[in-house]
There are 2 protein chains.
Amino acid sequence: MPPYDPSNFPPFAVTVDLVVLTVRRHALCALVVRRGETPFQGRWALPGGFVRADEDLGSAAARELVEETGLCAHDPARPAANGAHLEQLATYGDPARDPRMRVVSVAHLALAPDLPAPRAGGDANSARWAPVDDLLRPGTGREDEQATPLAFDHARILADGVERARSKIEYSSLATAFCPPEFTVGELRRVYEAVWGVVLDPRNFHRKVTGTPGFLVPSGGTTTRQGGRPAQLFRAGAATVLNPPMLRPEV
Amino acid sequence: MPPYDPSNFPPFAVTVDLVVLTVRRHALCALVVRRGETPFQGRWALPGGFVRADEDLGSAAARELVEETGLCAHDPARPAANGAHLEQLATYGDPARDPRMRVVSVAHLALAPDLPAPRAGGDANSARWAPVDDLLRPGTGREDEQATPLAFDHARILADGVERARSKIEYSSLATAFCPPEFTVGELRRVYEAVWGVVLDPRNFHRKVTGTPGFLVPSGGTTTRQGGRPAQLFRAGAATVLNPPMLRPEV
DNA sequence: ACAATAGTGTCTGTTAGACAATATACG
DNA sequence: CGTATATTGTCTAACAGACACTATTGT
């Protein structure tokens with residue numbers, strides 16, 4: 001039995017990495033930044049950074065999110081003006097995951113509505129939204145500079161984050177985190193379609209979401225930004241879990 | 001922008017804490033150990049310890065599990081002889097969670113079949129299975145020595161682990177991790193009843209679990225250890241997700 | 001015989017999924 | 001008018017939940 005003396009613990013660095021997801025042009029996209037230093041210099045990576053000495057893990061993630069995107073995390077209630085959903089994802093601590101030293105990374109998952117453009121330190125070329133299908137595709141010959149594998153174990157972290165998002169919109173109202181404050185049923189349906197990579201029946205979807213109490217509340221207005229008949233505008237309701245859940249179609 | 005120099009990171013200690021759950025006498029129970037040192041000396045706590053310098057997080061959790069219970073973790077396939085399910089739960093890093101120094105704890109969740117008795121360093125009085133309802137009950141006057149609040153933030157960690165187990169047996173075959181290698185439908189039902197704290201209809205439950213392909217495979221034998229008509233024995237099948245899920249009854 | 005548990009069958013209400021039909025905008 | 005999207009309605013198969021009934025052991 002080793003003594004529980006906190007002074008002879010092995011030295012660790014603790015970081016937070018962010019899987020920031022959004023839906024752009026009908027595709028699920030993740031925020032990636034270009035690394036300026038070794039290791040993996042020039043490769044794309046998930047945004048992240050060291051946890052400060054007196055900072056909680058969630059606070060560190062929220063700070064990084066603001067630094068990278070300007071988004072405010074909005075955990076307890078639902079996204080207000082410029083808020084994004086933020087939750088802890090998982091922790092990655094393989095001794096060899098960073099060649100420099102022992103780094104344990106507490107990954108977080110953030111879901112945001114479509115945003116104008118990423119800004120990382122003001123450098124436009126050093127951050128971008130990339131479709132997750134491109135980032136996670138294993139070497140398929142389409143190995144241009146945009147599709148090189150992510151640094152460190154970030155492909156695994158991203159895959160875990162995507163899977164969390166895909167499963168969580170089934171039984172929670174989290175899909176609304178991808179939408180602006182006011183949105184139509186069709187826009188919400190296109191979120192589900194993009195995240196799951198499927199096509200859903202608009203009529204059954206409409207009946208399902210409007211029939212689930214507390215999921216959507218009408219905000220009064222209508223919009224015609226999608227063309228066709230004007231659609232009713234909704235806000236996210238108070239319900240956080242969906243019962244019964246949205247069913248993801250089989251493969 | 002702080003420089004990404006891994007040599008000027010704040011000093012962290014990284015530990016793993018274990019939420020080990022089992023079902024004993026029709027109640028969901030967790031393994032707790034008595035602390036021998038300050039802080040929280042004499043209080044009950046979740047088992048855990050420091051992650052070693054060249055050890056993966058999952059390996060550290062598996063090592064602690066063996067040290068505390070003698071159980072072998074058995075992640076990929078299903079519990080064989082003496083295997084338990086082990087998965088990462090969440091990470092807790094409040095700067096004030098340990099008064100001695102900055103400690104980040106990567107909590108893991110383990111599910112085990114009913115075991116003879118815990119052994120922690122051979123000391124029988126320093127470890128026990130306690131009903132989670134007792135451990136999580138806020139001060140209700142029943143504040144005897146057995147029910148004093150857990151050390152550190154372990155009550156929160158335990159609550160998160162219990163909630164994870166409760167929700168995960170809905171849509172996965174994980175409930176079989178609480179059962180011995182061979183079990184009856186009735187025994188499996190009593191697991192669900194203990195974990196959820198509800199009473200289920202034996203007839204509908206039987207129809208549901210035997211009708212879900214891949215959940216249970218008959219092992220040929222029968223048993224009468226519960227009294228009454230002999231029951232068919234089953235093993236856990238290959239299916240890991242249940243579709244459609246088991247439905248947890250409403251409150 | 002009685003108690004206890006295992007297992008099968010039957011009925012009913014709800015819901016998912018397929019799809020017809022109507023409504024209201026823009027061009 | 002044609003096209004596009006929104007919204008309502010209808011039908012059917014599957015399933016959850018309630019519960020009657022039979023089967024097989026021990027006492």
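Computed from a predicted model, the values in this text were never measured in an experiment. Residue numbers start from 1 in every chain, and the chains themselves are labelled A, B, ... in the order their sequence lines are given, proteins ahead of strands. The figures here come from the full heavy-atom set of this structure, side chains too, leaving out hydrogens, waters and symmetry mates.
Cation-pi geometry between B:Arg25 and B:Trp129 is not met at under 6.0 angstrom from the ring centre and within 45 degrees of the axis.
In this structure, A:Pro230 and B:Leu247 both approach DNA chain D, and ranking their closest nucleotides by distance from the 5' end singles out A:Pro230. Along DNA chain D, the nucleotide nearest to B:Pro244 and the one nearest to A:Glu187 differ in position, and the one closer to the 5' end is contacted by A:Glu187. Positionally, the nearest nucleotide of DNA chain C for A:Asp201 lies more toward the 5' end than for the other of A:Gly228 and A:Asp201. Along DNA chain C, the nucleotide nearest A:Gly227 and the nucleotide nearest A:Asn204 are compared for position; the residue whose nucleotide lies closer to the 5' end is A:Asn204.
Nearest to the side chain of B:Thr184, among C:dA6, D:dT5, C:dC26, sits C:dA6. Listed nucleotides D:dT25, D:dT7, D:dA16 differ in distance to B:Arg207; the shortest reach to its side chain belongs to D:dA16. The B:Ala231 side chain lies nearest to C:dG7 when the options are D:dA18, C:dC19, C:dG7. When the nucleotides C:dA16, C:dA23, C:dG7 are ranked by their closest atom to the side chain of B:Arg203, C:dG7 comes out on top.
Rounded to an integer number of Å, the gap from CG of B:Leu200 to C1' of D:dA18 is 14 Å. Distance B:Leu188 CG to C:dT5 P: 17 Å, rounded to the nearest Å. Atom C1' of nucleotide D:dC15 and atom CG of B:Asn243 are separated by 12 Å, given to the nearest angstrom. If you take CZ of A:Phe234 and P of D:dA6, they are 11 Å apart, rounded to a whole angstrom. The distance between atom CE of B:Met246 and atom P of D:dC15, rounded to the nearest whole Å, is 14 Å. In this structure, B:Leu233 places its CG atom 17 Å from P of C:dT5, rounding to the nearest Å. Rounded to whole angstrom, the span from the CZ atom of A:Phe205 across to the C1' atom of D:dT5 amounts to 15 Å.
Proximity of A:Lys208 to the phosphate of C:dA16: a side-chain N or O atom is located under 4.0 Å from OP1 or OP2. Contact check, B:His206 against C:dG7: a side-chain N or O comes under 4.0 Å of OP1 or OP2.
Below the 3.5 angstrom threshold, one finds no donor paired with an acceptor across the side chain of B:Arg189 and the base of C:dA6. Taking only distance into account, the side chain of A:Arg229 never meets the base of C:dA25 through a donor-acceptor pair shorter than 3.5 Å.
With hydrogens and angles left out, the side-chain atoms of B:Asn243 and B:Tyr171 include no donor and acceptor closer than 3.5 Å. In summary, the side chains of A:Asp17 and A:Ser105 do present a donor paired with an acceptor at a separation below 3.5 Å, with no hydrogens or angles considered.
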Stepwise salt bridge (charged side-chain N to carboxylate O under 4.0 Å, His left out) test for A:Arg156 and A:Asp153 = CA-CA 6 Å; A:Arg156 162 71 99 93; A:Asp153 52 359; over 6 Å; no
Report the C-alpha separation of A:Arg248 and A:Glu193 in whole Å, then their side-chain angles, then the decisive distance to 0.1 Å, and conclude whether the salt bridge (charged side-chain N to carboxylate O under 4.0 Å, His left out) test is met.
-> CA-CA 10 Å; A:Arg248 171 157 38 162; A:Glu193 291 179 333; over 6 Å; no
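Residue-level contact check: B:Arg225 touches neither bases nor backbone, having no heavy atom under 4.0 Å from any strand. Nucleic acid contact for B:Pro202: none, since no nucleic acid atom lies under 4.0 Å from a heavy atom of the residue.
Taking the six-membered ring for Trp and the full ring otherwise, A:Tyr192 and A:Phe205 have centroids separated by under 6.0 Å.
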